[in-house]
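Numbers restart at 1 for each chain; the letters A, B, ... are given by sequence-line order, proteins then strands.
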2 protein chains.
Amino acid sequence: MTDGLDGPAEDRELLFDRIRNALADEIATGKLEAGAALDEQQLADRFGASRTPVREALRQLAANGLVEVRARRGVVVARMTPERIMDMFETAAEIEAMCVRLATYRMTPLERSHLIELHDASEAIVKKGDFDSYDTFNRAFHEAIYHATHNGFLAEQAIAIRNRLMAFRRAQLRQEERLDRSRAEHEAIMQAIAEGDGEMASRRMRAHMLNAATALRRFIEANKFG
Amino acid sequence: MTDGLDGPAEDRELLFDRIRNALADEIATGKLEAGAALDEQQLADRFGASRTPVREALRQLAANGLVEVRARRGVVVARMTPERIMDMFETAAEIEAMCVRLATYRMTPLERSHLIELHDASEAIVKKGDFDSYDTFNRAFHEAIYHATHNGFLAEQAIAIRNRLMAFRRAQLRQEERLDRSRAEHEAIMQAIAEGDGEMASRRMRAHMLNAATALRRFIEANKFG
DNA sequence: CCATTGTGGCTTGTATGCAAAAATATCCTC
DNA sequence: GAGGATATTTTTGCATACAAGCCACAATGG
């Protein structure tokens, strides 16, 4: 009606859920950029709803740190300083390292073969230089590792922080040779996993994530961004 | 100026903020037990407000995982399975381990002396067997470590997960000799920090947290709790 | 010319009203 | 008396209404 965000119209998805998901997605993908003001009435009109569900969605986003509410002064997309972004990347790197260590020790043969399959398929994507596909693959790869920890809570946390970093990761991955390096780093991680050496997998994963962060920092500094 | 009733800074606390904080506190302290239904109208009456701010508070709590909303079927305090609790403890243990490793390498002399001061003061508390004081101390001790990582985001995450585990930790610490052991484990961690060995501090912290978790598991199993 | 302050519009925060879905009670059939 | 369909009540989800605070801007005074 008002907006083209129809989707599959999940059975009975609540309105405020739809709004929250849509906004979270737009923030994560950078469609709504940091610092942008989120006018309640405006959003309500856009989603063809009233302010009530919009407000509820915004509160949830605030609890997740995606937006910032200033009492009686409106809601804005969380504006992150470069320092905070680096803090988040460092935390993410540590969490990913933790995940791959646990996953190495706990994954089932099925999970292992699924991961190998994913990794193998990424070679073609890199050859084509298809950034969007690599983005999708990369997400699946890391989420497969989270899952293999057999720790549902940890997996949720890892996904949450990954989502919050997605906007930045997106910009960063568009650099040609980073894509190649990314896969090479995955390769090294896979090898450690194959050898059952969780500690090494962990160290390599941390390095992998910090490399990505460093690439991002250069990007930020070059673009006077944030 | 005219009235000394409440805090000057928080004069304008929003209603839904007050409600959210109050509920979060009651859930964390176990005053509201897991699975309890949270009736909107009832809460509204209790806080002398309407359902609107109550609903916003509940959405925020949901985003933080403290309550569970079942579409059109009301909100309940998050009921956690023993598996999930153990998952959370494991995650917390890893995060704490990560924190103390970073803190060891990054803490300033001032932060280090503050931590030593805290730890020293805890001896008297243990001797008295004062559980409540130890609870307070313990929180301060761990938060000092979070802070010393000089990673604000990580510190926030650590505090958040700690808060979510508080309800369970509370029950668990009431065991006599666990208090003694807790301090001894702190002592070992402090030693590793003093030697600047972040890896060892990290391992000891992980063990410390997992010991607490194990003590809790025994408690859970003994009490058919959750 | 700049600072101050008051006013009007606009946005947020809260209350209330209404419709629809669950939950519960009621009644009918067997 | 049991089981199930149906009516009633309760509660959630959303919309609308209203009050109060913020902000921009202009008018005023220094």
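Taking a 6.0 Å sphere around CD of B:Glu156, one finds it holds more than 12 heavy atoms contributed by other residues, nucleotides or ligands. Atom CD of A:Glu33 sits in a sparse spot, with 12 or fewer heavy atoms from other residues, nucleotides or ligands closer than 6.0 Å.
One finds a side-chain N or O of B:Ser50 lying less than 4.0 angstrom from the OP1 or OP2 phosphate oxygen of C:dA15. A:Arg59 has a side-chain polar atom (N or O) that falls below the 4.0 Å cut-off from OP1 or OP2 of C:dG13.
Summary of the strand contacts: B:Arg55 and A:Arg51 both lie near DNA chain D, and taking for each the nucleotide with the nearest heavy atom, the more 5' one is attributed to B:Arg55.
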Taking N or O atoms only and anything under 3.5 Å, show me the protein contacts with nucleotides 23-25 of chain D, one pair per line.
{"residue": "D:dC23", "atom": "OP1", "partner": "A:Arg73", "partner atom": "NE", "Å": "2.8"}
{"residue": "D:dC23", "atom": "OP1", "partner": "A:Arg73", "partner atom": "NH2", "Å": "3.1"}

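Here the C1' atom of nucleotide D:dG21 and the CD atom of B:Glu13 are 17 Å apart, to the nearest Å. B:Leu14 places its CG atom 14 Å from the P atom of D:dA20, with the value rounded to the nearest Å. A straight line from CZ of B:Arg72 to P of D:dT12 spans 12 Å, rounded to a whole angstrom. Per the geometry, CD belonging to B:Glu56 stands 15 Å off C1' belonging to D:dT12, to the nearest Å. Between B:Arg18 atom CZ and C:dG13 atom P there is a gap of 16 Å when expressed in whole angstrom units. One interatomic measurement links the two molecules: CZ of A:Arg70 to C1' of C:dG13, which rounds to 15 Å at whole-angstrom precision.
With respect to the salt-bridge test (charged N to carboxylate O, under 4.0 angstrom), the residues A:Arg101 and B:Glu94 qualify. Ionic pairing of B:Arg206 and B:Glu96 is not present here: no N-O contact between side-chain nitrogen and carboxylate oxygen is shorter than 4.0 angstrom. The pair B:Arg106-A:Glu90 meets the salt-bridge criterion, with a side-chain N (NZ, NE, NH1 or NH2) lying under 4.0 Å from an Asp/Glu carboxylate O.
For A:Tyr134 and A:Phe137, the gap between ring centers is short of 6.0 Å.
Contact check of residues 34-49 of chain B against DNA chain C (heavy atom, cut-off under 4.0 Å) returns B:Ala49.
In this structure, the side chain of A:Arg51 does not engage the main chain of A:Gln41 through any donor-acceptor pair within 3.5 Å.
Under the rule for a ring pair (Phe, Tyr, Trp, His ring centres under 6.0 Å), B:His147 has no partner lying at least two apart in sequence or in another chain.
Counted by atom type alone, B:Gln60 and B:Arg20 present one or more donor-acceptor pairs between their side chains at under 3.5 Å.
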